[in-house]
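The structure appears below as structure tokens.
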Amino acid sequence: MEYGPAPESTKEAQAWLEQRGRQFGLFINNEWSEAGELFESINPASGAKLADLTQGSAQDVDRAVAAARAAQPGWQALGGHGRAKVLYAIARLMQKHARLFAVLETLDNGKTIRETRDVDLPLVARHFYYHAGWAQLQAEEFSDYRAVGVIGQIVPWNFPLLMLAWKIAPALAAGNTVVFKPAEFTSLTAMLFADICVQAGVPAGVVNIITGDGRVGEAIVKHEGIDKLAFTGSTEVGRLIREASAGSGKKLSLELGGKSPFIVFEDADLDAAVEGLVDSIWFNQGQVCCAGSRLLVQESVQDKFLAKLRARMDKLTLGSPLDKSMDIGALVDPVQKQRIEGLVQSARDEGCTVYQPACELPADGSWFPPTLITGASTAAAVAQAEIFGPVLVAMSFRTPPEAVQLANNTVYGLAACVWTENISLALDVAPAIKAGVVWINTANQFDAACGFGGYRESGYGREGGREGMYEYLTALSEDARPAAPLLAPKAKAKAAAPAGSPFAVDRTAKLYIGGKQARPDGAYSRAIHGADGAFIAEVGEGSRKDIRNAVEAAHKATGWTKATAHNRAQVLYYIAENLAARGEEFAARIAAMTGTKTAEKEVQASIERLFYWAAWADKYDGLAHQPPMHGITVALNEPLGVIGIVCPNESPLLGFISLVAPAIALGNRVVVVPSEAHPLSATDLYQVLDTSDLPAGVVNIITGSADELARTLATHGDIDAVWRHDGSAEGCAEVERLSASSLKRTWVGGAKGRDWYSTAQAGGRAVLAHASQVKNIWIPYGV
Ligand code: NAI
């Protein structure tokens with residue numbers, strides 16, 4: 001049976017545009033500025049102009065930041081309940097005007113009304129309700145945190161209003177104020193949202209909206225008055241933002257691209273999986289960061305599944321997005337169409353089979369038919385690049401391990417779908433996939449309570465859930481950090497001496513790689529002097545090659561990540577016990593190096609710190625969310641993998657332990673550069689580690705120049721995160737800048753010191769969050 005056309009009326013939306021004169025200025029301090037230099041907003045389904053928008057300037061960003069800064073203390077002082085009431089009012093108004101928003105979004109973006117009405121708008125309202133709740137509970141649940149301050153937020157065009165909600169709701173709940181930039185293709189619902197803010201009683205300056213292209217984004221990114229940046233968009237721009245904000249002290253969260261696998265095992269409910277695939281890759285014309293764009297289907301059911309899929313594709317309806325019976329709407333802009341066409345053509349050129357159902361594309365606007373590509377190699381552009389269109393690339397696998405290997409064969413790690421009726425198989429595969437979200441027997445489910453965000457080059461930080469709130473909060477202990485490291489290194493390391501020097505034979509501490517002492521590859525060493533200037537010993541001068549060997553050893557130590565948390569805790573306790581047995585020796589060494597009179601206290605604190613992180617090892621549990629849909633979402637804290645750590649000079653043993661212990665407690669492996677000035681308490685630790693059942697390769701220690709070794713860690717392709725806490729502001733900035741190439745996570749201390757004796761400053765969940773990433777696994781339950 002054919003459906004007749006069922007178009008949604010645009011009357012109300014057009015009336016609103018008319019009433020606004022089809023022209024918009026900027027929304028700053030709850031006022032609309034005069035329209036400035038204009039650019040057009042186009043309906044991509046027809047090519048018709050909808051309105052003119054203002055291209056914001058750097059001065060406009062200045063004004064917006066000033067308004068946000070002035071408003072922040074008052075917004076914070078309103079208290080949790082006061083902010084909750086405002087967020088609640090926004091949620092109510094979004095629901096009240098849902099139809100207007102949905103139509104406007106469809107006009108502006110080209111996505112179908114079924115999606116804006118049934119997916120985007122309900123999720124937007126839910127996001128504001130949910131975060132009204134966090135505002136209400138903030139004093140109780142986040143008592144050790146404060147708002148970050150002024151937040152710069154930049155979003156893309158694929159979910160214009162939903163991304164706005166994901167950004168603005170948690171920021172406001174936590175007590176921040178925002179300068180928000182919508183994407184240049186799709187700013188209209190943000191303009192309407194500004195009206196809602198005024199109606200909901202959002203105080204002036206709390207929400208400021210600046211329209212325009214990437215130049216406005218750049219001005220926000222480099223603005224000194226902004227304390228945190230939150231970006232969703234392409235990996236390419238994410239990298240630029242990481243580089244541009246390096247060393248600025250701004251917090252940063254990046255939600256970037258993906259090439260998510262959709263895995264179908266032979267025992268899956270194939271019809272349900274086909275429907276899941278429709279939601280996964282043809283939802284929003286495939287312009288979805290977590291689209292299931294790579295189908296991996298078990299060879300035994302491949303032909304059957306692809307036949308069902310093609311039959312389903314033949315039935316997909318494409319046409320006016322305002323028509324309620326349409327499955328597929330328009331692409332956002334002709335530029336996206338060209339990009340998709342180019343990639344599909346490259347597949348044709350390589351001899352792939354391209355299947356597209358016979359459907360008539362409307363004459364005006366930007367359209368692309370649902371597309372299935374088979375026969376592509378794993379290295380083909382269509383198999384690796386984020387196409388961001390309605391294009392599915394299908395491949396097959398024979399065994400579950402092969403499926404996992406193919407699934408992880410990407411630089412991205414945003415999401416994955418696993419389809420099987422075998423719960424054991426599903427729960428075996430889910431942890432093996434490197435992705436921030438795993439959907440089991442479902443696809444593209446979202447909820448405000450469940451964190452969303454990526455692994456690897458899909459970015460870092462989470463949106464939604466408790467973890468999303470931490471992105472907009474600063475631990476109070478950060479404010480208490482001393483302006484400079486507590487104990488500046490008194491001894492300066494001397495230039496490297498060749499191994500042939502008179503001291504090199506007996507008194508050169510080696511490096512520690514893969515559980516063995518190793519001579520530095522370059523055969524150089526450096527002299528370490530005590531507080532009184534007297535020579536104490538030499539240590540190996542680690543190089544790029546040594547780091548490479550250490551990273552290799554760390555990668556081999558996968559057993560540590562698989563070990564139980566209980567086992568890891570046992571090893572940390574054992575290290576503490578063995579350190580205590582040699583406490584006097586360590587105290588003497590620290591005293592000789594630093595001249596401190598509190599060396600014994602430092603050893604004692606190090607032992608206690610080991611106990612502290614051992615205690616946490618099996619207590620950093622995840623959460624089980626109960627989103628409104630049937631099912632549960634299990635949020636698990638997973639280790640990052642291999643972390644490079646550059647230790648502080650002050651408290652050389654305690655600083656070392658305070659960083660290494662939490663990292664390994666959660667199952668990471670580490671490559672550590674101990675204090676450059678006082679490395680000997682770390683090199684003395686080798687025997688302690690050897691006798692404490694710590695598997696080889698879990699902790700690798702490379703002495704030498706902090707700057708050079710940090711540079712190598714930050715650019716190494718197989719390191720997942722770099723921490724630098726040696727008080728070097730330039731060094732920390734460089735680590736952040738260099739991390740952009742592979743989008744590693746970073747945790748840097750900047751020029752400020754840290755009281756390593758204080759558990760508030762050196763402990764707590766904030767440290768564990770740096771050592772882990774949350775994976776949200778959606779599991780059917782009670783359906
Ligand atoms: P984009 O990353 O350039 O744009 C996203 C936002 O960043 C927009 O608001 C834009 O104005 C802003 N922006 C651009 N340059 C900037 C800069 N230098 N500094 C600060 N902000 C800047 O994405 P675009 O060009 O719209 O799409 C290109 C491709 O990116 C798509 O084909 C798709 O592959 C990918 N993409 C991925 C998204 C995701 O959610 N993963 C979202 C949008 C695009």
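Ligands are counted one by one from 1 in listed order, and the atoms in each one are counted from 1 as well. Values reported hereafter were calculated over all heavy atoms of this structure, with side chains retained and with hydrogens, waters and symmetry mates removed.
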task = Considering only non-hydrogen protein atoms, determine which one is nearest to atom 30 (O) of ligand 1 and report residue, atom name and distance to 0.1 Å.
result = S234 CB, 3.0 Å
query = When you check the gap from the basic side-chain N to the acidic O, do R69 and D227 get nearer than 4.0 Å?
reply = yes
query = atom 28 (C) of ligand 1: which protein heavy atom is closest, and how many Å away?
reply = Q336 OE1, 4.1 Å
inquiry  = Taking 4.0 Å as the limit for heavy-atom contacts, which would you say applies to I387 with ligand 1: side chain only, backbone only, both, or neither?
reply    = neither
request  = Look up atom 25 (O) of ligand 1 and tell me if a protein heavy atom lies less than 4.0 Å from it?
outcome  = no
ask   = When the aromatic ring centroids of F159 and W166 are compared, is their separation below 6.0 Å?
value = no
task = Please name the pair of heavy atoms, one in A51 and one in L188, separated by the smallest distance, quoted to 0.1 Å.
result = CB-CD2, 4.1 Å
note = If you compare A244, C289, S245 by their heavy atoms, the one closest to atom 39 (C) of ligand 1 turns out to be C289
ask   = Which ligand 1 atoms does N158 reach within 4.0 Å, using its non-hydrogen atoms?
value = 40 (O)
task = Specify the protein heavy atom at minimum distance from atom 13 (N) of ligand 1: its residue, its atom name, and the distance to 0.1 Å.
result = G214 CA, 3.7 Å
key: Nearest neighbour of atom 3 (O) of ligand 1 from the list T235, V237, V332, on a heavy-atom basis   = V237
Close-contact set for ligand 1 against I154 heavy atoms, below 4.0 Å = 6 (C), 7 (O), 9 (O), 12 (C), 20 (C), 21 (N)
message = Let's go through I90 and F193 carefully: what are the C-alpha distance in whole Å and the side-chain angles of both, what is the deciding distance for side chain to side chain contact (heavy atoms under 4.5 Å, CB included) to 0.1 Å, and is it a yes or a no?
response = CA-CA 9 Å; I90 295 177; F193 178 77; 3.7 Å; yes
task = Give the residue and atom name of whichever protein heavy atom lies nearest to atom 42 (C) of ligand 1, and the separation in Å to one decimal.
result = P156 CB, 3.3 Å
ask   = Between Y472 and A230, which heavy-atom pair has the shortest distance, and what is it?
value = OH-CB, 3.3 Å
ask   = Which atoms of ligand 1 sit under 4.0 Å from any heavy atom of D213?
value = 11 (O)
ask   = Tell me: protein heavy atom nearest atom 34 (O) of ligand 1, and distance?
value = E386 OE1, 3.1 Å
Salt bridge flag under 4.0 Å for residues D195 and R20 = yes
query = For ligand 1, which atoms sit closer than 4.0 Å to a heavy atom of L256?
reply = 41 (N)
inquiry  = At less than 4.0 angstrom from any non-hydrogen atom of G257, what atoms of ligand 1 do you find?
reply    = 41 (N)
query = What residue and atom, counting heavy atoms only, is the protein's closest point to atom 18 (N) of ligand 1, and at what distance?
reply = E218 CG, 3.5 Å
query = Which atoms form the tightest heavy-atom contact between E350 and A380, and what is the distance?
reply = OE1-CB, 3.5 Å
message = Using the ring centroid of each side chain, check whether F388 and W157 are separated by less than 6.0 Å.
response = yes
request  = For atom 8 (C) of ligand 1, grab the closest protein heavy atom and report residue, atom and distance to one decimal in Å.
outcome  = V155 O, 3.5 Å
ask   = More than 12 non-hydrogen atoms from neighbouring residues, nucleotides or ligands closer than 6.0 Å to NZ on K434, yes or no?
value = no
key: Closest to atom 20 (C) of ligand 1 (judged by heavy-atom distance), picking from A219, G217, C290   = G217
key: Option set F231, F388, W157, criterion heavy-atom distance to atom 27 (O) of ligand 1, minimum   = W157
Partner of K111 by side-chain hydrogen bond (donor to acceptor under 3.5 Å, both in side chains), out of T106, N158, D120 = D120
message = Against K167, only a single residue in E255, E463, E471 fulfils salt bridge (Lys or Arg N to Asp or Glu O under 4.0 Å); can you say which?
response = E463
query = For G212, is at least one N or O under 3.5 Å away from an N or O on ligand 1?
reply = no
task = Using a 4.0 Å heavy-atom cut-off, say whether R339 meets ligand 1 through its side chain, its backbone, both or neither.
result = side chain
note = for atom 10 (C) of ligand 1, nearest protein heavy atom and its distance come out as E184 OE1, 3.6 Å
key: Residue K222 excluded, over 12 heavy atoms near NZ under 6.0 Å   = no
ask   = Stepwise, does the side chain to side chain contact (heavy atoms under 4.5 Å, CB included) test hold for L309 with L277?
value = CA-CA 9 Å; L309 183 61; L277 202 44; 3.8 Å; yes
